[in-house]
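What follows is a single structure, written as structure tokens, with notes after it.
These numbers were taken from a predicted model, which means no experiment stands behind them. The first residue of the sequence shown is numbered 1, and numbering continues consecutively from there.
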Amino acid sequence: MLTTVLHGLMLGIGLILPVGVQNVFIFNQGASQRTYFRALPAIFTASICDTCLILAAVLGMSFVVLSFSWLQVILYGCGFIFLLYMGWVLWKSKSGASSAQQVSTPGKQIVFAASVSLLNPHAIMDTIGVIGTNSLHYTGSDKWLFTLSVILVSWLWFCGLAFAGRVVGKRDFSGLFLAKLNKVSACLIWGVALYMGYQLL
């Protein structure tokens, strides 16, 4: 039982640690919102989306994406367009405050968080190929214990990431650090978008 939990935790940490579009967005929301609680819509949406992807992978439903090439083309195409737009929004923002105004309402946070979570083909492929495959080693209660361990990592990570962003945001009185962070984030996002566009070609 302990081995199963550790396997799930380590796998979850290994997959979520690399800097990606989803992590950048959650950190930015933690940093730019006036309070931590205002970033909760983004945190919860990203966590719920990850939970759904993990469950789909473990249950085998997400393998449908790999079975139909046209689904992959649509996924990459939508992801490419959205990431270009999100990079433009971040690049345009001149400070942490203006970034918060761009994505401030709960509705906008939910849409953006869901998009960077579900329109990220690489995250979906990692979930299918890694978590889904590793879950095949378990059956019954062990499989669910493994699954819950991976899910727990996602929830704790996004809560912690937004909190770290909040700590940084509170110390950045001028907003210059967040403005630079937004520029770096935009470049990262555009880089991912270009790679996805290359995959489409």
Side-chain angles (χ1 to χ4, degrees), residues 12 15-56 62 74-75 77-124 127 148 150-190 192-193 196:
L15 288 177
I16 207 167
L17 269 180
V19 177
V21 178
Q22 192 182 41
N23 286 343
V24 166
F25 177 74
I26 298 300
F27 182 87
N28 274 352
Q29 287 305 297
S32 60
Q33 296 298 331
R34 277 179 250 172
T35 65
Y36 180 80
F37 292 102
R38 285 179 177 267
L40 288 180
I43 296 169
F44 286 159
T45 302
S47 301
I48 290 169
C49 287
D50 265 23
T51 298
C52 291
L53 288 175
I54 292 166
L55 288 174
S62 55
I74 291 174
L75 187 65
C78 291
F80 174 74
I81 293 169
F82 178 79
L83 291 180
L84 286 179
Y85 168 72
M86 187 172 173
W88 176 72
V89 168
L90 283 174
W91 185 269
K92 246 182 41 161
S93 63
K94 297 177 182 177
S95 68
S98 62
S99 176
Q101 290 169 2
Q102 294 281 0
V103 190
S104 57
T105 65
K108 285 184 179 179
Q109 283 191 58
I110 289 169
V111 170
F112 269 71
S115 299
V116 296
S117 301
L118 300 177
L119 294 179
N120 185 348
H122 297 294
I124 293 175
T127 303
L148 290 174
V150 179
I151 290 172
L152 179 63
V153 169
S154 283
W155 283 83
L156 293 177
W157 174 257
F158 291 130
C159 289
L161 195 60
F163 182 77
R166 181 67 193 140
V167 171
V168 171
K170 284 175 69 176
R171 300 190 180 194
D172 181 35
F173 300 108
S174 65
L176 290 176
F177 175 78
L178 288 179
K180 291 179 180 178
L181 178 65
N182 285 336
K183 292 288 192 294
V184 173
S185 300
C187 290
L188 173 67
I189 289 170
W190 281 333
V192 175
M196 287 169 57

Going by the rule side chain to side chain donor-acceptor pair (under 3.5 Å), which residues pair with S115 if we only count those two or more places apart in sequence or in a different chain? none
List in chain and number order the residues that pass side chain to side chain donor-acceptor pair (under 3.5 Å) with S117, two or more places apart in sequence or in another chain; answer none if no residue qualifies. Q22
Return the [atom1] to [atom2] distance between [X] and [Y], rounded to the nearest 0.5 Å.
X    : Y    : atom1 : atom2 : answer
L156 : F163 : CG    : CZ    : 14.0 Å
L161 : F158 : CG    : CZ    : 7.5 Å
L40  : C159 : CG    : SG    : 7.5 Å
L152 : T51  : CG    : OG1   : 10.0 Å

Minimum heavy-atom separation for [X] and [Y], please, with both atom names.
X    : Y    : value
Q29  : A39  : O-CB, 3.9 Å
W88  : W190 : N-CZ2, 3.5 Å
A46  : A113 : N-CB, 4.2 Å
V153 : G12  : CG1-C, 3.6 Å
S154 : S47  : O-OG, 4.2 Å

Quick one: do L53 and L118 satisfy side chain to side chain contact (heavy atoms under 4.5 Å, CB included)? Show the steps, please. CA-CA 8 Å; L53 288 175; L118 300 177; 4.1 Å; yes
Measure from the side-chain N and O atoms of R166 to the backbone N and O of Q33, and report whether any donor-acceptor pair falls under 3.5 Å. yes
Are [X] and [Y] side-chain neighbours, meaning at least one heavy-atom pair lies under 4.5 Å?
X    : Y    : value
V168 : F27  : yes
I48  : W155 : yes
T45  : V111 : no

Evaluation steps, side chain to side chain contact (heavy atoms under 4.5 Å, CB included), between W157 and D50: CA-CA 11 Å; W157 174 257; D50 265 23; over 6 Å; no
Residue pair W91, C187: steps toward the side chain to side chain contact (heavy atoms under 4.5 Å, CB included) verdict: CA-CA 8 Å; W91 185 269; C187 290; 3.8 Å; yes
What's the verdict on side chain to side chain contact (heavy atoms under 4.5 Å, CB included) for I151 and L55, showing C-alpha distance, side-chain angles and the deciding distance? CA-CA 9 Å; I151 290 172; L55 288 174; 4.2 Å; yes
Taking atom OH as the centre, does Y36 end up with more than 12 heavy-atom neighbours from other residues, nucleotides or ligands that are less than 6.0 angstrom away?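 Enclosed.
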